[in-house]
4 protein chains.
Amino acid sequence: MAITKRIKIRVRAGDTDFTGFAFNARVVEWFSAGRIELLRSKKITYANDGSLLVDGQPQKVSFVVGEVYARFHAPARFDDLVQLRTRIVDVSEKTLRFDYEIKRLPDRKLLVTGTSTSVCLSRETMRAEKIPADISERLRAGRWPPKDRGSLQKALI
Amino acid sequence: MAITKRIKIRVRAGDTDFTGFAFNARVVEWFSAGRIELLRSKKITYANDGSLLVDGQPQKVSFVVGEVYARFHAPARFDDLVQLRTRIVDVSEKTLRFDYEIKRLPDRKLLVTGTSTSVCLSRETMRAEKIPADISERLRAGRWPPKDRGSLQKALI
Amino acid sequence: MAITKRIKIRVRAGDTDFTGFAFNARVVEWFSAGRIELLRSKKITYANDGSLLVDGQPQKVSFVVGEVYARFHAPARFDDLVQLRTRIVDVSEKTLRFDYEIKRLPDRKLLVTGTSTSVCLSRETMRAEKIPADISERLRAGRWPPKDRGSLQKALI
Amino acid sequence: MAITKRIKIRVRAGDTDFTGFAFNARVVEWFSAGRIELLRSKKITYANDGSLLVDGQPQKVSFVVGEVYARFHAPARFDDLVQLRTRIVDVSEKTLRFDYEIKRLPDRKLLVTGTSTSVCLSRETMRAEKIPADISERLRAGRWPPKDRGSLQKALI
C-alpha cells in the first residue's frame with residue numbers, strides 16, 4: 001500500500017469564485033495541504049524558512065513542487081465538505097510523486113483527481129539533490145507498486 | 001499562428017509563500033487571468049453569473065476548466081515582473097486547449113510552462129456542449145498547427 | 001454570554017507570504033471561515049447562490065461584509081496550529097457585529113484580534129433590510145452585554 | 001499633498017467568491033499591492049527575505065502590517081476594472097499610516113475605503129524600531145495635514 005493521508009476540507013467562501021464553484025487554483029492549493037499533512041504523518045515537516053525537518057532536526061534539503069496536474073470531474077461548491085486523499089506513488093532518487101483524489105462527503109462523489117512531483121533541492125546550491133536515505137525510507141515504506149517515473153510533461157508533447 | 005495574449009504580472013506578497021517564492025497554486029491562478037485576457041481580446045467575456053458574453057451578448061454556454069498542468073522550471077520571487085504568454089493551441093468540438101509560458105522580465109528567463117483544457121458546458125444542463133460556431137471561429141482564426149487532442153490525463157498512466 | 005464558535009486552523013503554505021508569516025489578507029479570510037462556522041452552529045447557512053438558509057429553508061435576504069478590521073499582535077507562522085474564536089457581539093436591526101481572537105496553540109499566545117460587521121441585504125433589491133426575526137432571535141440568544149453600535153468608520157475620523 | 005499612488009486592478013476570477021462579488025479578504029490583499037507600489041515609487045522596495053531596500057540598499061528594518069480596516073460601500077464584480085488610490089496619511093516615529101480608496105472605472109463609483117498602519121521592525125530583534133530618517137523623509141515629503149495617530153483599535157472600544 002502507498003503511504004496515504006486523508007484530510008477533510010470545508011469549501012470556504014475564499015475557495016470559490018463567481019461561478020459558484022471552487023476555483024481551480026484553490027483546489028491546487030488543497031493539494032499542498034494534503035502533501036504537508038502526509039509528510040507530517042511521517043514526522044517530516046517544514047521549518048519557517050522552507051527547509052525540511054525530520055523528527056524536528058533541520059535538513060540541508062527541501063522539497064519544491066516541480067509539476068502539478070489536476071483534473072476536474074465535477075465541481076465542488078461552497079460549503080461542501082470534501083475529503084482529499086493524498087498518496088505517495090513513487091520515490092525516486094531526487095523526486096517524490098504524489099497523487100490526489102477529492103471526493104464529496106457524504107456521498108463520495110468523485111470531484112477531482114491529480115498528481116504532482118516534488119523535487120529535492122539542496123538549500124545551499126538550490127539544485128536537485130539526492131533525497132536523504134532516512135527520508136526516502138520513511139516514504140517508501142509500504143510503497144505503491146512501481147510507477148512510470150517519466151515527466152508529466154509528456155502530456156504536452 | 002495561434003491566438004496569443006501576453007500580460008505582465010507583478011509578483012505580489014499574496015502570490016508568495018514562506019519559501020520566498022511564488023506559490024504554485026497562485027501561478028495556476030495567473031493562468032486563469034491569461035485565459036480571460038486572451039478571450040477578452042476576441043470580445044469573449046464572462047458575465048457576473050459565469051455565463052459567456054460574445055460581443056456583449058449572453059450565451060447559453062460557459063467554459064469551465066477540465067484539466068490544468070503546470071511545470072515549474074525556476075522560481076518566481078516576490079516583486080519579480082513576469083510575462084505570461086497564453087495561447088490557444090487547439091479548438092475541438094467541445095473543448096479549448098490553452099498553453100502558457102511565464103518568463104521573468106527583463107532577462108526572459110523561463111520560469112513556468114503549462115497547459116489547460118476548458119470544456120464548453122450548457123448553462124442549463126451543466127453538461128458538455130458543442131462550442132457555438134461564432135466562438136470557435138474566432139478562436140480558430142490563425143490557429144496553431146494541429147495538436148494531439150488527447151487528455152492530459154495520459155500523463156498519469 | 002455571546003454566541004461563540006471556536007475553530008482550529010493549520011497555517012498552510014498558501015496562507016503565508018515571502019516574509020515567512022501568515023499574510024494579513026489571509027487572516028481576514030479566516031475571519032470569514034469563523035463567521036460561517038458560527039452561523040452554521042445556529043443552523044444558518046449559505047446557499048450556493050449566496051442566499052441564506054435557515055434550517056435549510058431559503059431566505060430572501062443575505063449577509064454581506066460591510067466593514068472588517070484586524071489587528072496583528074504577533075505573527076502566525078507556517079505550520080502553526082491556531083484557534084480562532086468568533087463571537088457575535090451585537091445584533092442590531094440590520095447588522096451583525098462579530099469579533100475575533102486568534103491564539104496560537106498550544107501556548108495560547110495572542111496573535112490577532114479583529115471585528116467586522118455584516119449587513120442584511122434583500123436579495124431582490126440589494127439594499128439593507130431588517131434581519132428576519134427568526135434569525136436575529138437565534139443570534140441574540142445569550143448575547144453579549146450591549147455594545148456601541150457605531151461604525152468602525154469612526155476610527156478613520 | 002499626501003504621497004499618493006494609483007494602480008488599476010482587473011477583478012480576476014480568483015478575486016471573487018460564490019456571491020459573484022470580489023471577496024473582502026482579496027480587497028485587503030489589493031491594499032498590500034497598493035502599499036508596495038507606493039513605496040516603489042519612492043525607491044523603497046522589499047528584498048526577497050522581507051527586508052527593506054532603499055535605492056536598492058538593504059536596510060536593517062522592515063515594515064509589517066499592524067492594523068488594517070476596510071469598509072465596503074458597494075461590491076466589485078468579476079471583470080470590473082477598478083482604481084486603487086493609496087496614500088500615506090501619517091509618518092510617525094515607528095509607524096506609517098496609509099489610506100485606500102477603490103473606485104470602479106470608468107464611472108468612478110466608490111466601492112471601498114480603508115486604512116492600515118505599518119510598523120517598522122528591526123530585522124534582528126523583531127521589535128518596533130524608529131523608521132530610518134532617509135525613509136521617513138521620503139515618505140513625509142509633501143505629506144498630508146497632521147492626522148490623529150491613535151490606534152484604529154479605538155473603533156473597538
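Since the model is a prediction, treat every value here as computed from it, not as a measurement. All chains are named by letter (A, B, ...) in the order of the sequence lines, taking the proteins before the strands, and each is independently numbered beginning at 1. Note: hydrogens, waters and symmetry copies are ignored here, and every other heavy atom, side chains too, is used.
The shortest heavy-atom contact between B/Met126 and A/Phe21 is CE-CZ, 3.4 Å. Nearest heavy-atom pair, B/Phe72 versus A/Val68, reported as atom, atom and distance to 0.1 Å: CE1-CG1, 4.0 Å.
Applying the side chain to side chain donor-acceptor pair (under 3.5 Å) test to A/Ser122 and every residue at least two apart in sequence or in another chain returns A/Thr125. Judged as a side chain to side chain donor-acceptor pair (under 3.5 Å), and not counting sequence neighbours, B/Asp80 has no contacts. In this structure A/Lys5 satisfies the salt bridge (charged side-chain N to carboxylate O under 4.0 Å, His left out) test with no other residue, sequence neighbours excluded.
Atom-to-atom distance recorded for A/Tyr69:OH and B/Thr115:OG1 is 10.0 Å, nearest 0.5 angstrom.
Within residues 22-35 of chain A, the residues approaching chain B closer than 4.5 Å by heavy atoms are, in numerical order, A/Phe23, A/Asn24, A/Ala25, A/Val28, A/Glu29, A/Ser32, A/Arg35.
Residue contact with chain B, scored on non-hydrogen atoms closer than 4.5 Å, is absent for A/Ala74.
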